[in-house]
Amino acid sequence: MPPQTRRTSFPAVVIERDTDSEESSSDEDEVEDVVVESEEEAEVEEIQNGESVEEEPPAVKKREKVPITISLKKVCKVCKRTGHEAGFKGATYIDCPMKPCFLCKMPGHTTMNCPHRVATEHGVIPAPHRNAHNSLEYVFERQLRPKVSKIKPAFVVPDQVHCAVIRYHSRRVTCLEFHPTNNNILLSGDKKGQLGVWDFGKVHEKIVYGNIHGCILNHMKFNPTNDGTVYAASSDGTISCTDLETGISLSLMNLNPNGWQGPSSWRMLYGLDVNSEKGLVLVADNFGFLYSVDMRSNNKVGEATLIHKKGSKVVGLHCNPLQPDLLLSCGNDHFARIWDMRQLKAGSALYNLAHRRVVNSAYFSPQTGSKILTTSQDNRLRVWDSIFGNLDSPSREIVHSHDFNRHLTPFRAEWDPKDPSESLVVIGRYISENYNGAALHPIDFIDISTGQLIAEVTEPNITTISPVNKLHPRDDVLASGSSRSLFIWRPKEDSEIAQQKDEKKIIVCGKAEKKLGKKSAGESDDSDDDLSKLKSKNSKPGKAGPRSSRSSIKGKR
DNA sequence: ACGGTATGACACC
DNA sequence: TGGTGTCCCTACCG
């Protein structure tokens, strides 16, 4: 069995943490003890950041023996009112009660007691079923429904980090792509426009091509007729076609031939997909337009078509895996739209799927192409069970925390391409959870047919959010991009844990390598700490803190 | 240790 | 409709 053999040859790797997570409030107990002397004073001493100001002035006064108690009314940093405080208490984040729930956006409760958090099944809001039978639905029932597996397979969730490359990229990771035929190759794009090629079977074999794009590499897709080359769309307004062996890149299209003429005219490319039947590379820009490029001639085909609201960003494109004429797009105009490629014209979408916020991604299901899954900034995943049925409202809405919109790569729920039932989906979680005293951001596996959380995958050493995730097309492997780092996850049996203990070694590159070299000459440094921490944790027989020593997985399998 | 900042949607006028 | 101020769990760098 290929996975078995490969698994044993896999180098086990310790992850070096980028930075120590800051303890925002170690002084939890004193919160209630502040005495308010007078209202005027409290107003004068208005705090911006409750924590930093609070301690220092009294310390200074004490030294001068002036027994003035400066009263500081604790002010909520969210709503600026007194009487409560939002922020981390240890590893648990306390919401501001004055604001609607941070998770589901409904007023009246906070994230802590949000029904969608307490019981994940409640995240499912079923759409009203309508009996609107049309001919397409008939075709679906007759031809495609039988192909959709009815028996839910036992999901295999990769939950153990086997490889990590720290600071492989110098900017945050924006997209990932597995090689279509070589099982151990992972491509990664970053905000700087660099393209990484990593053979995670041999950890040290990694390349970064830095001269392909000038800024954000938003999406990439392999050339279906030559898997040695990959197409990429960038915010520099170009499509590249890169030879992975040589790194030599060809520019297929440049939307800014005259260079920078100001932000109102600079075109950026976001969505990209390849339509292999038609031999087209499709891209979409930040002004609402779709462009086609012929893969043989590398020439632009036809004119750009306005497919989303004029001036709005089209962030995602996806061609239906079975019906080459169907295209799905999504963007900042709060819509996902289904198009017939044969009649592409502004305003002529087959369907317009409304969302309440920006739609980060929209994908047809990978095998039958008959379902649609979208990720929206309103903290909901939406599922349409059949594109041939009634599309007026989604079949299900699943509340899930992924709404951060700045500084982070947008979250995108990704199908498991191996799941015959087309129901397993992976997506990183923005909101943190307290895992044995550490605030971690898990990667969630969700059954979109029920809305159930199948698993939440964490690693004590991965303290950063993982917005970019992709499941391997053939193996039980998950790739994650978290900040600037890449991770490969595999399922691991307990018998392998013991083996891993002896094999530990640190794999770092880039800046982290320098850091490691510099400090190891002297005293202890972060990575040493981490290593010793891990060692000590691993030496525990596991009972006391079952989740602390290993990557953990919660939920049903 | 702390503070600056890159950066994007959207509400509001 | 466009300019502007605001923003709740970032991550990192100097």
Side-chain angles (χ1 to χ4, degrees), chain A residues 16-26 48-56 75-81 84-105 107 110-112 114 117 166-167 169-174 190-192 215-216 218 235 262-264 266 268 270 286 309-313 315 331-334 355-360 376-379 401-411 428-435 438-442 458 462-468 481-485 510-512 514-515 526:
Chain A
E16 188 203 11
R17 190 165 17 183
D18 285 355
T19 53
D20 276 348
S21 62
E22 65 241 274
E23 303 246 314
S24 52
S25 55
S26 50
Q48 269 100 19
N49 174 348
E51 281 134 308
S52 57
V53 189
E54 159 199 13
E55 294 283 23
E56 302 205 355
V75 174
C76 172
K77 66 178 178 185
V78 177
C79 71
K80 310 283 185 279
R81 278 189 252 192
H84 66 272
E85 253 192 306
F88 274 106
K89 288 239 189 298
T92 306
Y93 191 91
I94 309 296
D95 266 10
C96 170
M98 299 299 168
K99 293 275 182 165
C101 173
F102 193 56
L103 175 57
C104 74
K105 309 300 177 197
T110 61
T111 313
M112 197 63 78
C114 174
R117 185 173 193 162
I166 304 298
R167 305 230 178 137
H169 288 277
S170 61
R171 290 289 179 271
R172 67 172 201 240
V173 174
T174 53
D190 72 17
K191 212 174 87 62
K192 213 178 175 184
C215 58
I216 317 178
N218 287 305
S235 288
S264 58
W266 184 261
M268 308 189 239
Y270 283 85
N286 57 329
K309 185 181 170 188
K310 197 165 188 179
S312 75
K313 198 191 280 181
V315 290
N332 279 21
D333 63 353
H334 301 190
H355 294 67
R356 283 207 290 277
R357 288 299 185 98
V358 167
V359 189
N360 292 348
S376 171
Q377 291 282 39
D378 67 354
N379 267 356
S401 171
H402 52 252
D403 67 335
F404 202 60
N405 54 13
R406 207 174 33 164
H407 308 132
L408 287 181
T409 304
F411 291 85
R429 197 192 303 175
Y430 171 42
I431 208 165
S432 68
E433 197 86 50
N434 186 341
Y435 295 88
L440 302 176
H441 307 269
T458 59
I462 304 178
T463 56
T464 48
I465 296 169
S466 304
V468 192
S482 188
S483 187
R484 304 172 178 190
S485 307
K511 252 200 142 165
K514 280 186 223 152
K515 191 175 152 197
D526 289 350

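Please read these numbers as outputs of a predicted model, since none were measured by experiment. Letters A, B, ... are given to chains in the order of the sequence lines, protein chains preceding strands, and every chain is numbered from 1.
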So does A:Arg171 get a side-chain nitrogen or oxygen closer than 4.0 Å to the phosphate oxygens (OP1/OP2) of C:dC13? no
Between A:Asn332 and B:dG8, is there a side-chain N or O to OP1/OP2 distance below 4.0 Å? no
Nearest heavy atom decides the nucleotide; on that basis, is A:Ile465 or A:Tyr93 closer to the 5' end of DNA chain C? A:Tyr93
For atom [atom1] of [X] and atom [atom2] of [N], their distance in whole Å:
X: A:Ile431; N: C:dC8; atom1: CD1; atom2: C1'; answer: 9 Å
X: A:Lys77; N: C:dT10; atom1: NZ; atom2: C1'; answer: 12 Å
X: A:Lys192; N: C:dA11; atom1: NZ; atom2: P; answer: 20 Å
X: A:Leu408; N: B:dG8; atom1: CG; atom2: P; answer: 12 Å
X: A:Lys99; N: C:dC8; atom1: NZ; atom2: P; answer: 5 Å
X: A:Arg356; N: B:dC10; atom1: CZ; atom2: P; answer: 13 Å
X: A:Arg484; N: C:dT10; atom1: CZ; atom2: C1'; answer: 12 Å
X: A:Asn286; N: B:dA9; atom1: CG; atom2: C1'; answer: 14 Å

Sub-3.5 Å donor-acceptor pair from the side chain of A:Asn360 to the main-chain atoms of A:Phe411, do we have one? yes
Would you say the side-chain atoms of A:Ser376 pair up with the backbone N or O of A:Val358, donor to acceptor, closer than 3.5 Å? yes
If you only use heavy atoms from C-beta on, which nucleotide in [options] is closest to the side chain of [X]?
X: A:Arg167; options: C:dC13, C:dA11, C:dC9; value: C:dC13
X: A:Lys313; options: C:dA11, B:dA9, C:dC8; value: B:dA9
X: A:Thr111; options: C:dC8, B:dC10, C:dC9; value: C:dC9
X: A:Ser483; options: C:dA11, B:dC10, C:dT10; value: C:dA11

Decide whether [X] and [Y] meet the rule of one side-chain donor and one side-chain acceptor closer than 3.5 Å.
X: A:Arg172; Y: A:Ser483; answer: no
X: A:Asn434; Y: A:Thr92; answer: yes
X: A:Asp95; Y: A:Thr111; answer: yes

Can you confirm if the NZ or CZ of A:Lys99 lies within 45° of the ring axis of A:Phe102 and under 6.0 Å from the centre of its six-membered ring? no
Note: A:Ala91 and A:Ser432 closest approach over all heavy atoms is O-OG, 4.5 Å
Are any protein N/O atoms closer than 3.5 Å to N/O atoms in nucleotides 11-13 of chain B? If there are, list each pair with its distance.
none

For nucleotides 5-7 of chain B, which of its nitrogen or oxygen atoms have a protein nitrogen or oxygen under 3.5 Å away, and what is each distance?
residue: B:dA6; atom: N6; partner: A:His407; partner atom: NE2; Å: 3.2
residue: B:dA6; atom: N1; partner: A:His407; partner atom: NE2; Å: 3.2
residue: B:dT7; atom: OP1; partner: A:Lys191; partner atom: NZ; Å: 2.5
residue: B:dT7; atom: O2; partner: A:Arg406; partner atom: NE; Å: 3.4
residue: B:dT7; atom: O2; partner: A:Arg406; partner atom: NH1; Å: 3.3
residue: B:dT7; atom: O2; partner: A:His407; partner atom: NE2; Å: 2.9

Hits for ring-ring contact (aromatic ring centres under 6.0 Å, His included) against A:His169, two or more places apart or cross-chain, chain-then-number order -> none
Qualifying residues under ring-ring contact (aromatic ring centres under 6.0 Å, His included), relative to A:His334, sequence neighbours excluded: none
With the threshold set at 4.0 Å, does a side-chain nitrogen-carboxylate oxygen contact exist between A:Asp333 and A:Lys313? no
What are the atom names and distances for every N/O pair under 3.5 Å that joins the protein to nucleotides 2-5 of chain C?
none

Under 30°, 30 to 60°, or over 60°: which ring-plane class applies to A:His441 and A:Tyr430, parallel, tilted or perpendicular? parallel
Using side-chain hydrogen bond (donor to acceptor under 3.5 Å, both in side chains) as the criterion, list what pairs up with A:Arg357, not counting sequence neighbours. none
Distance between C1' atoms of B:dA11 and C:dC9 (Å, rounded): 23 Å
Base, sugar-phosphate, or nothing: which does A:Pro100 touch, judged by heavy atoms less than 4.0 Å apart? base
